[in-house]
Every structure is written in C-alpha cells, then in structure tokens.
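See below for the structure under consideration.
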Amino acid sequence: MKTLLGLLQDLELQDSSLPLVFETKEGEISPGYHVTELRHSTSKGIDCGGNTEVWQEAKLQLLDGRGGAHMSVGKFSHIVSKSLSVMPELEHVSLMVEFGHDNADLRLMSLSSPELRRNRVVISLGNRRAVCKPAEKAGFVVSGAERCCSSMTISAKTSACCSATKPHEDAGLCCA
C-alpha cells in the first residue's frame with residue numbers, strides 16, 4: 001500500500017531538480033501536468049458476502065498537461081508537504097491517483113515507487129481492478145476473466161462469499 005507520506009519519503013531520495021514523470025500503459029502524462037487535488041475520504045461499504053467495512057483513503061488527482069515541462073521532483077514534493085501540513089490525515093492512508101489521458105475517462109490508478117530513468121524520476125501508474133473481497137480474504141485468487149462464484153473458484157473450496165447463498169447464475173453475480 002502506497003501512502004502520501006511514503007511517496008514523499010521516496011521522492012526525498014531523488015534529486016529535487018529532476019523532472020517527475022508519471023506514466024501509464026498508454027504512455028506518459030504530458031508535460032505541464034497539474035496537481036488538481038489531494039483528497040481524503042472515509043468510505044463505508046458492503047461487499048457481496050454482506051460484510052460491512054469502513055476505510056480511509058487519499059486520492060491525488062492529476063490533470064493531463066498541454067506542453068511545457070514536467071514538474072520537478074522538488075515542486076511536486078513541496079505541494080505534497082504543504083498539503084500534509086494542512087491535512088495530516090492524508091499521511092498514512094492508502095493513496096490512489098485519479099487520472100485520464102487528455103483529461104477524459106478519469107480512472108483510479110495505483111502507484112509504483114519512483115525510479116530514476118534517463119535523468120528523470122518516473123512513477124508508473126497501474127490500472128486497478130474489481131475484486132471479490134470475501135473470496136480474496138479466504139485466499140482465493142480470482143482472475144479478471146472468472147466470476148467470483150465460477151466453478152473454477154468453488155472447485156478448490158467453497159468461497160466465503162458463496163457458501164451461504166447460491167450464486168445467481170444468469171446475472172453472473174456472487175451471492176445475488
């Protein structure tokens with residue numbers, strides 16, 4: 001789990017004058033990108049097994065650039081430090097990035113640790129996927145192509161989310 005404080009500490013190990021480049025599978029976030037928002041939120045949810053959970057998270061929203069130069073590590077670190085001084089609750093909670101190339105199709109993305117590449121500090125952003133929390137907590141690995149309650153999943157052992165309720169086969173939902 002990457003946190004904002006952890007990201008800041010990782011960046012402190014880098015040369016503050018180097019450009020900070022964020023990249024996705026589709027390519028780099030364009031030079032001139034902008035940090036539009038750092039947000040802290042508390043969420044409460046119920047999963048397909050009927051379990052409720054409360055958690056806190058932080059989101060860093062980036063606006064795709066329109067040219068110019070990539071923000072320096074030092075400038076980005078200053079923005080994060082200033083934000084943490086105003087909102088210390090951002091420090092230790094799970095951090096995700098909200099971004100969409102050309103400022104379209106905003107997605108939640110995970111962050112890798114910063115890497116020095118060709119005189120630039122690069123942070124890769126990865127796509128997140130939906131998970132069946134009860135199956136995950138029970139130790140099941142459900143690939144993106146499988147349904148939570150597919151025969152492949154339940155053949156290994158009965159899934160925690162499907163043990164009490166028969167899955168609704170025609171909808172492809174777990175415990176519906």
Side-chain angles (χ1 to χ4, degrees), residues 1-66 68-117 120-138 141-142 144 148 161:
M1 169 185 79
K2 182 63 80 179
T3 66
L4 200 54
L5 183 60
L7 176 60
L8 185 60
Q9 290 169 339
D10 288 347
L11 290 174
E12 287 173 354
L13 302 174
Q14 304 294 331
D15 180 341
S16 65
S17 67
L18 291 177
L20 180 60
V21 178
F22 290 90
E23 68 178 8
T24 70
K25 287 180 182 179
E26 291 83 22
E28 291 182 1
I29 293 179
S30 299
Y33 68 84
H34 180 73
V35 175
T36 59
E37 184 175 54
L38 275 162
R39 181 174 52 245
H40 174 268
S41 60
T42 301
S43 296
K44 182 175 182 180
I46 185 167
D47 64 30
C48 58
N51 306 300
T52 59
E53 186 177 14
V54 177
W55 67 94
Q56 295 181 41
E57 58 193 15
K59 292 185 181 124
L60 164 67
Q61 190 177 84
L62 298 174
L63 188 70
D64 206 1
R66 297 287 183 226
H70 286 285
M71 187 181 302
S72 71
V73 168
K75 181 175 181 178
F76 182 85
S77 295
H78 177 74
I79 291 167
V80 170
S81 294
K82 190 170 185 173
S83 298
L84 288 175
S85 71
V86 175
M87 293 180 63
E89 62 270 23
L90 288 167
E91 279 186 2
H92 300 290
V93 297
S94 177
L95 175 65
M96 294 174 280
V97 172
E98 290 181 327
F99 175 74
H101 283 283
D102 296 320
N103 302 312
D105 300 324
L106 189 66
R107 297 182 288 180
L108 282 178
M109 307 185 93
S110 60
L111 297 91
S112 71
S113 294
E115 295 179 24
L116 181 60
R117 292 191 216 150
R120 303 170 343 149
V121 177
V122 179
I123 296 176
S124 295
L125 303 178
N127 291 329
R128 297 175 51 93
R129 66 177 186 85
V131 297
C132 174
K133 287 183 179 181
E136 188 177 69
K137 286 177 183 172
V141 177
V142 181
C148 174
C161 76

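Only a predicted model underlies this, so the values are computations on that prediction, with no experimental measurement involved.
Side-chain contact between L20 and K75 is absent, with no heavy atoms from C-beta onward closer than 4.5 Å. The side-chain heavy atoms of M87 and L38, taken from C-beta on, include no pair separated by under 4.5 Å. Between I29 and L125 there is a side-chain heavy-atom pair separated by less than 4.5 Å. Side-chain contact check for S16 versus S72: every heavy-atom pair is 4.5 Å or farther apart. A 4.5 Å side-chain heavy-atom check between V80 and L11 finds every atom pair outside the cut-off. A heavy-atom distance below 4.5 Å is found between the side chains of F76 and L60. For the pair H34/N103, no side-chain contact is recorded, criterion being any heavy-atom separation below 4.5 Å from C-beta on.
A donor-acceptor contact shorter than 3.5 Å is absent between the side chain of D102 and the backbone of A104. In this structure a side-chain-to-backbone donor-acceptor pair under 3.5 Å is missing from S124 to S112. Not one N or O on the side chain of T36 forms a donor-acceptor pair closer than 3.5 Å with the backbone of L63.
A salt bridge between E23 and R120 is absent, with no side-chain N of the basic residue lying under 4.0 Å from a carboxylate O of the acidic one.
We find the CG-CZ distance between N127 and R107 to be 4.5 Å, quoted to the nearest 0.5 Å. The CD atom of E89 sits 9.5 Å away from the CG atom of L84 when rounded to the nearest 0.5 Å. Here NZ of K137 is found 6.0 Å from CG of D47. Values are rounded to the nearest 0.5 Å. One distance of note links NZ of K59 with NE2 of H40; it measures 10.5 Å at 0.5 Å rounding. Interatomic distance, CD of Q56 versus CG of L90, reported as 10.0 Å (0.5 Å rounding).
Residue-environment remark: NZ (K2) exceeds the threshold of 12 foreign heavy atoms within 6.0 Å. Applying the 6.0 Å contact sphere to NE2 of H101 captures more than 12 heavy atoms from other residues, nucleotides or ligands.
For F22 and F99, the gap between ring centers reaches or exceeds 6.0 Å.
Between E53 and W55, the side chains place no donor N or O within less than 3.5 Å of an acceptor N or O (distance only, hydrogens not considered).
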